[in-house]
Amino acid sequence: MKIVVVGGVAAGMSCAARARRLDEQAEISVLERAHHVSFANCGLPYHIGDVIADRDRLLLQTPESLHESLALDVRTGHEVVGLDAETKTVTVRILDTGEEFTESYDAAALCPGAAPFVPPLPGVDHPDIHVLRRIGDMDAIKALVDGRDGKPPAKHAVVIGAGYIGLEVAENFHHRGVETVIVEMADQIIPPLDRELTTQMESYIRAHGVSLALGTQAAAFGETSDGRIRVELKNNEFIETNLVVLAAGVRPSTDLAASAGVELGPRGGIKVDEHMRTNLPDVYAAGDAVEVEHMILPGPYLVPLAGPANRQGRVAAENICGRDTTFGQVQGTSIVKMFDMVAGGTGANQKQLTAAGIPFERVQVH
């Protein structure tokens, strides 16, 4: 059997590794668009902050180590640009050369993940405006903080988005002595958490010298006469800065799936059944790009977290290899640390419960 896995991070590598353990004879190829696989993406902000000083600690595996330990054919810099379910082939583009070729499969697993949301704002293509999703993103941001390529170290930064990634990036900027402003369109940080939980954390963050601009959002980006970025906010304020990180959430990467005829769900993610099967024969999907059943809230949800992604990848592999394994509901458990304060949540928050018409009680314990 020949298995082709599209995407080589959490779900993709879990799928490939589990498939190998279940079938020693299968031919398993992993095609990853970026130049790194199986890396610790949760650690990216902490290398920028020098908390994790050794960059190699983030690289859990390489194509060479995966070939040696699991006999996997892992190819980085290979983007799958097409899938034909009738001929059971994928079209692959080698990014460094532009060369294209086709690869056949008996079963395919789509694990493309999610892409950071980049708002279509004027000036958003400025070279010092970045997202943080991959190793290359981390390297580019750290180069600005360190002061490389003929530029002095960045002394000021703006983070767009006060979710988990945004807060972690801001903490690590502060750790490096970079004055930081967090801009969040909601009237609170960490929108998935209830408001009374975040109020204390906001005061704590401000007390540590990180500025919060809540209830507003970026409107445009420009450049000052000395080469700094000029951030225009919708409340008519302006911030001049050396570096901007966009951390305003992610969107499922579904272009390949949609063009191949894979059915999408109501929230824009890939629709799968409990076996991680799509509507196309022998095509499975897992990870941040798929919609799954929530334990509390009705209907399918997008839950871009590493834990569910890894489990989904293993479930897809087990079904590809002939087992009858199902993926259950998700709670969406997550946690974040900001300096010495930690906040976490699981299940549904009050806004979600109210919108879904689900009755609930609220208890505070001190």
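All values reported here derive from a predicted model rather than from experimental measurement.
Panel note: side chain T180, backbone V178; a donor-acceptor pair is recorded below 3.5 Å. One N or O on the side chain of S259 and one on the backbone of D255 form a donor-acceptor pair closer than 3.5 Å. No side-chain donor-acceptor contact under 3.5 Å links D194 to the backbone of N349. In this structure, T91 contributes its side chain and T102 its backbone to no donor-acceptor pair below 3.5 Å.
Surrounding CG of D54 are more than 12 heavy atoms belonging to other residues, nucleotides or ligands, all under 6.0 Å away.
Using a 4.5 Å heavy-atom cutoff, the side chains of Y164 and I335 are not in contact.
In this structure R314 satisfies the side-chain hydrogen bond (donor to acceptor under 3.5 Å, both in side chains) test with no other residue, sequence neighbours excluded. Contacts of D146 classified as salt bridge (charged side-chain N to carboxylate O under 4.0 Å, His left out), with partners at least two apart in sequence or in another chain: K142, R148, R176. Partners of E27 under the side chain to side chain contact (heavy atoms under 4.5 Å, CB included) rule, at least two apart in sequence or in another chain, are K2.
The side chain to side chain donor-acceptor pair (under 3.5 Å) pairs that include a residue from residues 282-305 are K88-D282, R133-D288, R267-Y301, E293-Q329, where partners are two or more places apart or lie in different chains. Judged as a side chain to side chain donor-acceptor pair (under 3.5 Å), the pairs with a partner in residues 8-19 (not counting sequence neighbours) are, in order, S14-N310, R18-E318.
H36 and F39 have perpendicular rings, their planes meeting at more than 60° on a 0 to 90° scale where under 30° would count as parallel. Relative orientation of the H174 and H208 rings is perpendicular, given thresholds of 30° and 60° on the angle between their planes.
I94 and V81 end up in different hydrophobic clusters when Ile, Leu, Val, Met, Phe, Trp and Tyr side chains are linked at under 4.5 Å.
Contact check on K337 versus E168 returns no salt bridge, with no Lys/Arg side-chain nitrogen under 4.0 Å from an Asp/Glu carboxylate oxygen. Ion pairing between a basic and an acidic side chain is recognised when a charged N comes within 4.0 Å of a carboxylate O; D139 and R55 show such pairing.
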Side-chain donor/acceptor pairs under 3.5 Å, residues 272-279, sequence neighbours excluded:
residue	atom	partner	partner atom	Å
D273	OD1	H275	N	2.8
D273	OD1	M276	N	3.1
D273	OD1	R277	N	2.9
D273	OD2	R277	NE	3.0
D273	OD2	R277	NH2	3.3
H275	ND1	N319	OD1	3.1
H275	ND1	D324	OD1	3.4
H275	ND1	T325	O	3.1
T278	OG1	L280	N	3.2
T278	OG1	V283	O	2.8
N279	OD1	E263	N	2.7
N279	ND2	G261	O	3.1

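R230 forms a cation-pi arrangement with F238, by the criterion of a distance under 6.0 Å to the ring centre and an angle within 45° of the ring axis.
Neither side chain, Q61 nor E68, offers a donor N or O lying under 3.5 Å from an acceptor on the other.
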